[in-house]
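Worth saying up front: this structure is predicted, and the values here are computed from it rather than measured.
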Amino acid sequence: MTHAFPHRWISLLPTLLISILLSSGCSRKTKPGNQPDPNAPSFDSDSAEESVGLDADSAAVSPAAVSPVAVSPAAAFPAAVSPDAVSPDADVPDSQSASFPDAVLPVSTSNDGAIAQVLLEPASNEVDVVIAGDLNSVDWRSHLGKQVVIDGDLVIVDTYDLARRGQVTVARERLYVPTSQIDPNDADPSETSFEGGSNVAKVTAAQKRNDGATIVIDDTTTAQNVFPPTLFPELGKAYPTVRVGSVIRGVSGRLVEERNKLVLQSDQPLRWSPAPRPERPAIGDADVVVASFNVLNYFTTIDNGHNNARGADSESELGRQEAKIVSAIAGLKADVIGLMEMENNVNAENRLVAALNKKLGKNVYKGCGIPMGFGDSPGGSDAIRVGIIYRADRVSAVGDVSMIDDNAFFVARTPIVQTFRSVKGGDPLTVIVNHFKSKGGASNADPANKNKGDGQAAYNAARRSQSQAICDYISRRSANNGRTRVLVIGDLNAYQQEDPIDMLRANGLVDLLERAGSAGPSGSSLLDYSFVYYGQCGSLDHAFATESLANDVTGIATWHINADEPRFIDYNEEFNPKSLYSPGPYRSSDHDPVLIGIRQ
């Protein structure tokens, strides 16, 4: 809710003193933060004036700077200060002037020299606005141009533009992608219908709530790539990062329109409690640990802008990227690791394995390589591929690596399959590593794969077909081999309640995160996530098992080392602050890895 209240003036002062002050010719002060940025995106002159308080005669003067002095009396006049020390032309800190815009401040003294109370006379009927409770109920546009205070705690949900534009997006709580909780087909999320769309209205309503649940906090300057950020001046000193989930303890500032969106220009650095970086999660007393990890375009071919390489732009960037990925993989302490978004060749896998073994100081990891005929299979000619690496001192590969050759993967990546057995013995375990078709590219999609407006984005039909192909493969394998222990992992590019996930459940595969209680139905406080997109969390990275294997799972957990971290601490060198780079695991990718413990 919002509360509006007028400024309270302390007392009236003699008219003579007011006249003396006004006749002294107080100068206007220009805030450096309001200077136009020649590199900033352009917008029409009306919105520019509205957003930063410009007028035709003063191209970069905020309303607070137009008056001679505009300060809080308590801040400007401590009891021990002589009135002779205060000049009408004194330069006043911006953090104070923002509190009482367009105010004229006359000064008088009593006979004993003590400072008298002051008059703050507003130039307009402008009021402060205090916002408490749910942000969805706020009519933000009605407060445009006003000084706004948001009472209570706010959660950072997006840091995408923090380094470049000095902005963070906040809400009252962490936000989730609607289809991570709400099934477009079933009112009961435990049901497994994978088509129909009878529950789309609830998905749409949830998205509308999310859209209205946030506000962007801005640092007031149009300069880009300012470091340290004005909102977080201790970043890089006391704090190595600003994670999604961090809590802001209230904020105040002027509400303006910038680049076609409303932002709250904070009048001071933010008071915040950083979200902690998590340690590797426990997954029980496992004999074999499997991990799934999207490594975000790990290419050994340097991107020169013309060769379709997608990763590092220089050898230096490749070294930085590799160091972070290797640190993350080493930290997983996994025996078998399914990888997504490696360059589609053997060289990238070999180099990564060599770097990993070098870090560990022993040659324990091996790569499974690429199956024969891989390049000719549906999805096998994509720029990126999936792969498997494993610790040969803990598990042994049974047979050669193989693939699922199915036309469903023509627009995705070919799944790779490998069976393993613990060196301690026990039943074999088969791992299928996947990377389903992404949600983007709707303009190129055929009618069946267009965005249907059901919250599942483009190519949902293709991903559903890919799920069915996985299930058909497991069915054939079970028919030939009897009891099978199969684990399906990877980036399925579908959230927890979407059709491709329900397809796997409907075919008898066990959703291990769901069974563990961390992918629960709507309203669950334990809802898991592996990815953050436009301030909304959800799991794109999954682990499913046949029933016989699911009974042997000791635990499953997502290690949140990437999705909550800001992009400006990744390996890129173009604009990222140098002092924030670390070769550690944090922001080694944009996806969080998933760990699965298995008892042999």
Side-chain angles (χ1 to χ4, degrees), residues 135-136 157-158 160 169 171-214 244 294 411-412 434-468 490-506 511 513-514 518-542 544 558 563 590-592:
L135 300 188
N136 288 89
V157 298
D158 194 5
Y160 188 82
T169 304
R172 288 298 188 189
E173 59 187 1
R174 187 182 283 270
L175 302 178
Y176 291 92
V177 175
T179 51
S180 66
Q181 299 174 285
I182 303 170
D183 193 317
N185 308 307
D186 301 307
D188 180 354
S190 66
E191 297 295 322
T192 57
S193 300
F194 44 81
E195 56 187 352
S198 62
N199 205 41
V200 169
K202 288 188 177 179
V203 174
T204 304
Q207 186 60 63
K208 185 176 180 180
R209 285 194 301 273
N210 280 359
D211 292 343
T214 64
V244 168
N294 182 320
V411 293
N434 303 271
H435 189 187
F436 285 6
K437 172 63 180 161
S438 69
K439 293 176 175 290
S443 59
N444 299 321
D446 58 67
N449 282 297
K450 293 289 186 183
N451 189 336
K452 306 296 185 182
D454 58 1
Q456 302 184 85
Y459 289 99
N460 183 56
R463 290 188 294 275
R464 194 166 56 212
S465 296
Q466 288 151 26
S467 283
Q468 186 63 64
D491 175 2
L492 305 187
N493 271 310
Y495 294 107
Q496 292 97 310
Q497 293 298 330
E498 294 186 3
D499 296 350
I501 307 305
D502 272 339
M503 173 76 76
L504 297 172
R505 295 183 185 121
D511 184 338
L513 279 168
E514 183 179 58
S518 57
S522 179
S524 170
S525 61
L526 299 175
L527 191 68
D528 199 29
Y529 61 94
S530 66
F531 196 71
V532 176
Y533 186 67
Y534 281 92
Q536 299 180 119
C537 305
S539 286
L540 296 176
D541 304 86
H542 299 269
F544 282 80
T558 304
D590 53 348
H591 288 246
D592 290 328

Query raised in the report: Going through the distances and angles, do Leu527 and Gln496 end up as a side-chain contact (heavy atoms from CB on, under 4.5 Å)?
Result: CA-CA 10 Å; Leu527 191 68; Gln496 292 97 310; 3.9 Å; yes

Query raised in the report: Mind checking what makes side-chain hydrogen bond (donor to acceptor under 3.5 Å, both in side chains) contact with Asn136, not counting sequence neighbours?
Result: none

**Report entry** By side-chain hydrogen bond (donor to acceptor under 3.5 Å, both in side chains) - contacts of Asn210 (at least two apart)
**Finding:** Gln536

Query - Minimal non-hydrogen separation, Ala412 against Phe436, with atom names - result: CB-C, 4.0 Å

Query raised in the report: Can you name the salt bridge (Lys or Arg N to Asp or Glu O under 4.0 Å) partners of Arg174, sequence neighbours left out?
Result: Asp564

Query - side-chain hydrogen bond (donor to acceptor under 3.5 Å, both in side chains) partners of Asp592, counting only residues at least two apart - result: His560

Please tabulate, one pair per line, all N/O donor-acceptor pairs under 3.5 Å involving side-chain atoms of residues 197-206, not counting sequence neighbours.
unit_1: Ser198; atom_1: OG; unit_2: Asn185; atom_2: O; d: 2.6
unit_1: Asn199; atom_1: ND2; unit_2: Asp183; atom_2: O; d: 2.9
unit_1: Asn199; atom_1: ND2; unit_2: Asp186; atom_2: O; d: 3.3
unit_1: Thr204; atom_1: OG1; unit_2: Val200; atom_2: O; d: 3.2

Report summary line: Distance col, row Asp528:CG vs Thr558:OG1, nearest 0.5 angstrom, shows 3.5 Å

Query raised in the report: Do Ile182 and Pro189 have side-chain heavy atoms sitting under 4.5 Å apart?
Result: no

Report summary line: Output for pair (Lys450 NZ, Ser443 OG), nearest 0.5 Å, gives 6.5 Å

Query - Heavy-atom pair of closest approach, residues Leu135 and Ala213 - result: CD1-O, 3.5 Å

Report task. Check salt bridge (Lys or Arg N to Asp or Glu O under 4.0 Å) between Asp502 and all other residues, then give those that pass, not counting sequence neighbours. Result -> Arg505

**Report entry** Pairing residues for His591 by the ring pair (Phe, Tyr, Trp, His ring centres under 6.0 Å) criterion, not counting sequence neighbours
**Finding:** Phe531

Report summary line: Applied to residues 436-445, the salt bridge (charged side-chain N to carboxylate O under 4.0 Å, His left out) test, sequence neighbours excluded, yields Lys439-Glu498

Query - Atom pair OH (Tyr495) and OG (Ser530), whose distance is rounded to the nearest 0.5 Å - result: 8.0 Å

Query raised in the report: Where is the tightest heavy-atom contact between Gly538 and Ser180, given as atom of each residue plus distance?
Result: CA-CB, 4.3 Å

Report summary line: Residues passing the salt bridge (Lys or Arg N to Asp or Glu O under 4.0 Å) test with Arg463, sequence neighbours excluded, are none

**Report entry** Residues that Asp446 engages under side-chain hydrogen bond (donor to acceptor under 3.5 Å, both in side chains), provided they are two or more places apart
**Finding:** Asn449

Query raised in the report: Who passes salt bridge (Lys or Arg N to Asp or Glu O under 4.0 Å) against Asp499, sequence neighbours left out?
Result: Arg464

Query raised in the report: Ser467 pairs by side chain to side chain contact (heavy atoms under 4.5 Å, CB included) with which of Ile501, Asn434, Leu492, Leu504?
Result: Leu504

Requested in this report: Calculate, to the nearest 0.5 Å, the distance between atoms CD and CE belonging to Glu195 and Met503 respectively.
Outcome: 7.5 Å

Query raised in the report: Can Tyr459 and Asn444 be said to form a side-chain contact (heavy atoms from CB on, under 4.5 Å), step by step?
Result: CA-CA 10 Å; Tyr459 289 99; Asn444 299 321; 4.1 Å; yes

Report task. Provide the closest heavy-atom pair for Leu540 versus His542 in the form atom of the first, atom of the second, distance. Result -> O-CD2, 3.1 Å

Query - side-chain contact (heavy atoms from CB on, under 4.5 Å) involving Ala171 - partner list, sequence neighbours excluded - result: Val157, Leu175, Thr214

